[in-house]
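Here's the structure we're looking at; comments come further down.
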Amino acid sequence: MNEPATAKEAAVAASPLHQLKDELDIVIPTIRNLDFLEMWRPFLQPYHLIIVQDGDPSKTIKVPNGFDYELYNRNDINRILGPKASCISFKDSACRCFGYMVAKDPSGKAINALEQHIKNLLSPSTPFFFNTLYDPFAEGADFVRGYPFSLREGVSTAVSHGLWLNIPDYDAPTQLVKPLERNTRFVDAVLTIPKGTLFPMCGMNLAFDRQLIGPAMYFGLMGEGQPIGRYDDMWAGWCIKVICDHLGLGVKTGLPYIYHSKASNPFVNLRKEYKGIYWQEDIIPFFQQVVLPKDCTTVQKCYIELAKQVKEKLGKIDPYFDKLADAMVTWIQACDGLNPTSASFSNGKTG
């Protein structure tokens, strides 16, 4: 049998589901029973689930039979991390990042979102030159005329970011003025987010390569006891994009879509978001101007340097950012403490 002639052909020829079956963990943060897993059983049952229970640790979370899973509540997090558990948020979806830390080795048509995420992660990204035909590694696509041949091999994809159908992922002010708006537009496309461009990452439909970017996938200090909420995934997205740009890694967005059926309360959201809405006008320029030194050659080094700059430049806005910067350092220490065999997450896991 002939070998694939190009990186594109090799990526298309790969069988993504079989390649990652024993290497992929699915992280689910929750405060309630997981009956919804029955709807996802055909796609998720072959994989290992890491369930992070937030809220009252004495409450029993029921998981449908037949799933391979670990369940961690707040008491478990405190026991495992000790004093470093302070970097894990309370009563906020940011608690999911603990699951990232403990992940271990071993058209009427139903959309297999998991399969699409795996395809995205296993095919290269092209952040250095935009391909107008979207993802050139997708089936039925290729590089368009004028695309430099020297860049067609692409780079490794660190993050696959999916989108929402039905109820959009809006902030509270937009929810309030557009309460009935629904997203019905399904765009059958994936694209690489260009180098130097930030994006608002949503953590609800997300996959990433833990070896490539895992230590930067920290969702910050949010929720109970903090002045801000609902910015956890966006904070992580801004951090990982700056680091991916620095290390020459790719981030893809587009497919897969997830149908989102329950709108959160915009008045509750506004209480959580209002400082973030104000602060983001300073946070975004900060990330746009961040420069990481050349000696930052690992994700951990990049993240520690980023924490230093957060404290120096965003700490002037509010003391919260001093505390957040300290938590970012604690997060890296905790990650390395739970993964002592590798200071650079070279165990090849996907989260």
Side-chain angles (χ1 to χ4, degrees), residues 28-32 36 39-40 54-55 89 91-97 107-111 113 116-117 120 130 134-135 159-194 197-207 219-224 226-241 251-288 317-318 320:
I28 303 173
T30 188
I31 59 172
R32 57 181 63 90
F36 77 91
M39 299 168 54
W40 289 79
D54 204 6
S89 296
K91 296 185 179 179
D92 188 271
S93 65
C95 70
R96 79 179 72 220
C97 60
S107 57
K109 180 181 178 182
I111 299 172
Q116 181 64 51
H117 274 307
N120 291 348
F130 190 80
Y134 302 111
D135 187 357
V159 178
S160 170
H161 178 255
L163 303 177
W164 288 16
L165 282 174
N166 194 39
I167 297 172
D169 187 16
Y170 284 157
D171 53 38
T174 310
Q175 280 183 291
L176 286 168
V177 299
K178 295 184 175 182
L180 301 180
E181 185 161 289
R182 297 293 181 264
N183 178 33
T184 59
R185 185 173 59 176
F186 178 93
V187 181
D188 186 11
V190 176
L191 55 83
T192 297
I193 301 174
T197 301
L198 298 173
F199 75 110
M201 187 175 83
C202 174
M204 290 181 65
N205 184 10
L206 180 73
F219 280 36
L221 290 175
M222 305 279 163
E224 186 174 273
Q226 307 300 334
I228 185 176
R230 283 175 55 83
Y231 270 78
D232 51 325
D233 41 9
M234 288 182 286
W235 177 265
W238 297 327
C239 291
I240 64 99
K241 188 55 168 62
V251 178
K252 291 188 175 184
T253 188
L255 299 175
Y257 282 84
I258 295 293
Y259 189 89
H260 185 227
S261 59
K262 184 178 180 181
S264 52
N265 187 306
F267 296 100
V268 173
N269 291 344
L270 186 59
R271 289 199 300 269
K272 297 177 180 179
E273 293 175 358
Y274 79 96
K275 284 198 173 181
I277 293 171
Y278 176 70
W279 286 341
Q280 71 185 13
E281 302 308 316
D282 291 302
I283 295 173
I284 297 301
F286 163 75
F287 280 106
Q288 289 174 327
I317 300 173
D318 192 275
Y320 165 75

ask   = Quick check: are there more than 12 heavy atoms from other residues, nucleotides or ligands sitting under 6.0 Å from CZ of Phe36?
value = yes
Any residue meeting side chain to side chain donor-acceptor pair (under 3.5 Å) with Ser264, in chain and number order, not counting sequence neighbours = Asn269
query = Can you tell me if Glu273 uses its side chain to pair, donor with acceptor, with the backbone of Asp171 under 3.5 Å?
reply = no
message = I need the Asp169 CG to Arg230 CZ distance, nearest 0.5 Å.
response = 7.0 Å
message = Parallel, tilted or perpendicular, judged at 30° and 60°: which one describes the rings of Phe287 and Trp235?
response = perpendicular
query = Who pairs with His117 by side chain to side chain donor-acceptor pair (under 3.5 Å), at least two apart in sequence or on another chain?
reply = Ser160, Asn205
With sequence neighbours excluded, residues passing side chain to side chain donor-acceptor pair (under 3.5 Å) with Glu181 = Tyr170
inquiry  = I'd like to check the salt bridge (Lys or Arg N to Asp or Glu O under 4.0 Å) partners of Asp232; sequence neighbours left out, ordered by chain and number.
reply    = none
query = Taking the six-membered ring for Trp, are the ring centroids of Tyr320 and Trp279 within less than 6.0 Å of each other?
reply = yes
Nearest-0.5 Å distance that lies between atom SG in Cys239 and atom CE in Met234 = 12.5 Å
note = Across all chains, not counting sequence neighbours, the side chain to side chain donor-acceptor pair (under 3.5 Å) partners of Lys241 are Asp245
note = With sequence neighbours left out, the residues meeting salt bridge (Lys or Arg N to Asp or Glu O under 4.0 Å) with Asp233 are none
